Amino acid sequence: MATGKFSRVDGRKSSRYCSIATIVVFVVFCVAGIWMFVSSSIIPVKNSELLSLETRNEVKQTVPKGDSKQFDDTSGDLSGVETREYGGGLPSKVSGITDEYNSAENLLVETNNEEKESHNSAEKNQGENHANESSDEKAESESAQKRMDEDDGNGNGKDGETNSRDGESNVETREAENEGGEMKTDSEESSGENGFESAESGKNYEVDETADEMKHVGKEAILTERKNDKNQDMHSEQSDVGNSLESKENNQASNEILPAGTQSENLTESTTKNGAWSTQAVESQNEKKSQQSFISNENNDLYWKLCKSTAGPDYIPCLDNWKVIRKLPSTKHYEHRERHCPDEAPTCLVPLPEGYKRSIKWPKSRDKIWYYNVPHTKLAEVKGHQNWVKLTGEYLTFPGGGTQFVNGALHYIDFIQDAVPEIAWGKRTRVILDVGCGVASFGGYLFERDVLAMSFAPKDEHEAQVQFALERGIPAILNVMGTKRLTFPSSVFDLVHCARCRVPWHIEGGKLLLELNRVLRPGGYFVWSATPVYRKGPEDVGIWQEMSRLTKSMCWDLVVVKRDKLNNIGAAIYRKPTSNDCYKKRSKNAPPLCEEFDDPNAVWNVPLQACMHKVPVDSTERGSLWPAQWPVRLEQSPYWLNSQVGVYGKAAQEDFTADYNHWKAVVSQSYLKGMGIDWSSVRNVMDMKAVYGGFAAALKDLKVWVMNVVSIDSPDTLPIIYERGLLGIYHDWCESFNTYPRTYDVLHADHLFSSIKKRCNLVTVIAEVDRILRPEGKLIVRDNSEIISEVESMVKSLQWEIRMIYSKDKEGLLCVGKTFWRPTEEEAIKNAIV
């Protein structure tokens, strides 16, 4: 019918329609040609993956010979590796160095810029509060920004953060997530396989990645450095993401993030841990019944709320359980300051204080912190005249004084060593316990003497004293000399210090002083600078007489009583015996020796006892010999590990050495270079599942301190950590940690979550991680791939930044960064409301 109709049209009309059709077709082709020319930098959806992979191959393989491996825990093959990088490019397995970089790299630019535009719009809603940075930090930031812009060539540094150290630029390219926590592009739905030839090994590796494996969250932080002079002009015109792919440290995808072969045993504890190595749960036999629950892998559906409690931004679940505290029959022995954990650990998030911002860097933080980060002024009002803390504008400042050292901690520290030169700060004396620490200025200034102080005080009327210490970057925990043993092994502290710490040592048979005797190393010193030492009032004289009788019956030697004229105080310094001879010669068995079956290392919820444990004298026993001087003791295997089987199944000393070598490689070749972490901004670090302290030891050259946490159901290796001159504590991660919120810069969890999953609800553990980690702090997780996926899903629901994710042979590595995001809806914590 159509043909018939058109056959009846006259010839002129037909010719006109043909001309119009020709013109239309021509215009269409012209427009299409122009569009193709203009869009030459856009990656075709179906063919983009191969081009982007080839581009990455060229970038990642331009490495100078002899460079250290970025993620190399050990050497070996990398077969079976899955890598998911979060940032401007697609997940890739590079296929060998090609000559196509100059043309192919351009294909990444527009896609990355479109994603960065999306990031800019989303980042405006982050709610981060950095506007009130101090002028000196602003100058540092602006200087770093300027250096980044000069390197980048096009000012794309606005989309990230730049931290410059020793001339090396660390560019963090952050891209926003969509409402579901992920930003997906069409190209992410494709899958493919490529191999690559390592620049160092020359080996070819191939990995298959399915569409499910290729998740593009759009966040990455990798170190960048240009090396290809031939392409340098082109690099100056590329975006941050294109540049970030060309990295001195991140260019060796063939190098291992996770160990293989003989070294892989360092990731898995052997079954011997329940044999030669007892656990705190077994030793104490008082561990509470833990929650038995599993959680789904689909944690993006988690709905977080803010914790509503009387403590507000300072909420500590196990210390703010007022439901239990109100029912205590007595508070005579400070029971109300001890741990009382709720039956169900909270799954809400602690709010930020109004005006909170990034903590001041060490060492400036020792002298001043932001007032709005710890907005408490009571101590400044009560203790300002003793130079504890003062309110100075928008800062809380710390002149370095204390009740017993108003004129400064350094003079007081030298006064102690002058009194007993054998103390030898930083050599013979390395790890000490500071009881009733106040704002921990004593411990803060001991860093200048190479001494680590475990400072502790209760959460009491001295408002936020431990929070001040941690915000300053000084090791501290919340604890009290109450009814239970301190959560430290026996005979581990080189010195114990009490400067007017308000502890009644002499009462009830000296029970509290006997607890110090338990944790003090044989031959160690107790420094007591309190008013009974130097004042002559009736009460002080009475206490001094009682202390003299008690310490003599404990066989402590009173080495010296010395007066400090500058501060107008005095100190009595005692020494614990190194043999049992004195105990045998006592006319009265008071205080009594503990029974033989009493384990001095069993401390988890174990009640205090007014007895003394015998001093170990056998040369093969721990505590019979003083450790080597610092820093030799850090790397030296303890003498008493001769006959034991190590945690990983080898002879203990061999295990110790292998563990240290393992962590030195991981830290130097991976953590310090490949995580996008600015370690100059890191001060407070926690190893949530320490074994021998190898991770902490590997960080020894950085200006950081590490809290080594040994889980109560893990091998009891905490004495080894102290023998090395490091700090640590026992803990059960099914419960909250004894610290204030926002106190750590980096948390490290090596196979922690898989080890506690059967006992603990992982959602509550992640909520606790969020509580103690500072905004912009980093969590590093090493675990099996299933756990890595589960944790990844949970932290994405918290709107944290995925910095890196890597997997191999069912083992994985995850690095994430906490943001300033907080939910708006509240959840009332009834047991925490007064």
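Values in this document were obtained by computation on a predicted structure and should not be read as measured data.
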Do [X] and [Y] have side-chain heavy atoms sitting under 4.5 Å apart?
{"X": "N708", "Y": "I729", "answer": "no"}
{"X": "N517", "Y": "Y574", "answer": "no"}
{"X": "V561", "Y": "Y534", "answer": "no"}
{"X": "V492", "Y": "V431", "answer": "no"}
{"X": "L486", "Y": "M481", "answer": "yes"}
{"X": "I772", "Y": "L747", "answer": "yes"}
{"X": "P638", "Y": "F656", "answer": "yes"}

Checking [Y] against [X]: is there a side-chain donor and acceptor pair closer than 3.5 Å?
{"X": "S624", "Y": "D618", "value": "no"}
{"X": "W705", "Y": "N684", "value": "yes"}
{"X": "Q404", "Y": "N567", "value": "no"}
{"X": "T743", "Y": "Q467", "value": "no"}
{"X": "D716", "Y": "Y730", "value": "yes"}

> Quick one: are the ring centres of W362 and F447 less than 6.0 Å apart?
Replying inline: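 Ring-ring flag for W362/F447: true, centres closer than 6.0 Å.
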
> Ring centroid separation for Y722 and F493, is it under 6.0 angstrom?
Replying inline: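 That pair passes the under 6.0 Å test.
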
Taking the side chain from [X] and the backbone from [Y], do they hold a donor-acceptor pair closer than 3.5 Å?
{"X": "R337", "Y": "K459", "result": "yes"}
{"X": "D745", "Y": "R683", "result": "yes"}
{"X": "N387", "Y": "V406", "result": "yes"}
{"X": "Y639", "Y": "L625", "result": "yes"}
{"X": "R366", "Y": "S441", "result": "no"}
{"X": "Y583", "Y": "M612", "result": "no"}
{"X": "T717", "Y": "V691", "result": "yes"}
{"X": "S736", "Y": "C318", "result": "yes"}
{"X": "D655", "Y": "V647", "result": "yes"}
{"X": "S714", "Y": "V710", "result": "no"}

> Of the non-hydrogen atoms in I573 and A419, which two are nearest, and what is the gap between them?
Replying inline: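 Answer, listing the atom of I573 first, then A419: CD1-CB, 3.9 Å.
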
> Which atom names give the shortest non-hydrogen contact between L699 and V667, and what distance separates them?
Replying inline: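 That would be CD2-CG1, 3.7 Å.
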
> Can you list every pair that meets disulfide (SG to SG under 2.5 Å) and has a residue in residues 503-574, with sequence neighbours left out?
Replying inline: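 Sorted result for residues 503-574: C555-C582.
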
> Is there any disulfide (SG to SG under 2.5 Å) pair reaching into residues 454-494, and which pairs are they, with sequence neighbours excluded?
Replying inline: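 Every pair satisfying disulfide (SG to SG under 2.5 Å) with a residue in residues 454-494: there are none.
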
Under the side chain to side chain contact (heavy atoms under 4.5 Å, CB included) test, which residues partner [X], sequence neighbours left out?
{"X": "K383", "result": "L379, Q386, W388, T403, H462"}
{"X": "C501", "result": "V435, C498, V503, W505"}
{"X": "P363", "result": "none"}
{"X": "E338", "result": "E335, H340, V480, T483, K484"}

>> Can you pull out every side-chain hydrogen bond (donor to acceptor under 3.5 Å, both in side chains) where at least one residue sits in residues 414-433? Sequence neighbours excluded, please.
In response: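 Sorted result for residues 414-433: D414-R449.
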
>> Can you pull out every side-chain hydrogen bond (donor to acceptor under 3.5 Å, both in side chains) where at least one residue sits in residues 694-704? Sequence neighbours excluded, please.
In response: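 Passing the test, one end in residues 694-704: no pairs.
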
Supply the atom-to-atom distance [X] [atom1] to [Y] [atom2], rounded to the nearest 0.5 angstrom.
{"X": "Q653", "Y": "Q636", "atom1": "CD", "atom2": "CD", "answer": "9.5 Å"}
{"X": "L718", "Y": "L727", "atom1": "CG", "atom2": "CG", "answer": "9.5 Å"}
{"X": "D598", "Y": "E595", "atom1": "CG", "atom2": "CD", "answer": "8.0 Å"}
{"X": "N479", "Y": "N738", "atom1": "CG", "atom2": "CG", "answer": "6.0 Å"}
{"X": "D750", "Y": "D687", "atom1": "CG", "atom2": "CG", "answer": "7.5 Å"}
{"X": "T739", "Y": "I477", "atom1": "OG1", "atom2": "CD1", "answer": "9.0 Å"}

> Run the side-chain contact (heavy atoms from CB on, under 4.5 Å) check on D450 and W630 step by step: do they pass?
Replying inline: CA-CA 8 Å; D450 263 348; W630 178 264; 3.9 Å; yes

> Under the salt bridge (Lys or Arg N to Asp or Glu O under 4.0 Å) rule, what pairs show up with a residue in residues 508-527, not counting sequence neighbours?
Replying inline: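 Sorted pair list: D494-R521, E515-R518, R521-E723.
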
> What residue pairs, at least two apart or across chains, pass salt bridge (Lys or Arg N to Asp or Glu O under 4.0 Å) with a residue in residues 558-579?
Replying inline: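 Pairs touching residues 558-579 that pass the test: none.
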
Parallel, tilted or perpendicular: which one describes the rings of [X] and [Y], with boundaries at 30° and 60°?
{"X": "F442", "Y": "Y412", "value": "perpendicular"}
{"X": "H731", "Y": "F737", "value": "perpendicular"}
{"X": "W663", "Y": "F695", "value": "perpendicular"}

>> Checking L512 against L608 for the side-chain contact (heavy atoms from CB on, under 4.5 Å) test, could you report, in this order, the C-alpha distance in whole Å, the side-chain angles of both residues, the deciding distance, and whether it holds?
In response: CA-CA 8 Å; L512 299 180; L608 287 179; 3.7 Å; yes

> On the ring face of F398, is R472 found with NZ or CZ under 6.0 Å from the centre and within 45° of the axis?
Replying inline: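 Yes, a cation-pi geometry.
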
>> I'd like to know if E735 pairs up with R339 as an ion pair, taking the criterion as any Lys NZ or Arg NE/NH1/NH2 lying under 4.0 Å from an Asp or Glu carboxylate oxygen.
In response: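 Looking at R339 together with E735, the answer is yes, because their closest N to O distance falls below 4.0 Å.
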
> Would S365 and E471 satisfy side chain to side chain donor-acceptor pair (under 3.5 Å), going step by step from the backbone distance to the final call?
Replying inline: CA-CA 7 Å; S365 63; E471 183 70 16; over 6 Å; no

>> With side-chain contact (heavy atoms from CB on, under 4.5 Å) as the criterion, how do L593 and C611 come out once you've worked through the C-alpha distance, each side chain's angles and the decisive distance to 0.1 Å?
In response: CA-CA 5 Å; L593 293 176; C611 66; over 6 Å; no

>> One pair to check against side-chain contact (heavy atoms from CB on, under 4.5 Å): M707 and Y744. What are the steps and the verdict?
In response: CA-CA 10 Å; M707 179 67 76; Y744 285 88; 3.7 Å; yes

> With D367, which residues qualify under salt bridge (charged side-chain N to carboxylate O under 4.0 Å, His left out), at least two apart?
Replying inline: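 Residues passing salt bridge (charged side-chain N to carboxylate O under 4.0 Å, His left out) with D367: none at all.
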
> Does R622 have any salt bridge (charged side-chain N to carboxylate O under 4.0 Å, His left out) partners at least two apart in sequence or in another chain, and if so, which?
Replying inline: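 Partners of R622 by the salt bridge (charged side-chain N to carboxylate O under 4.0 Å, His left out) criterion come out as none, since no residue qualifies.
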
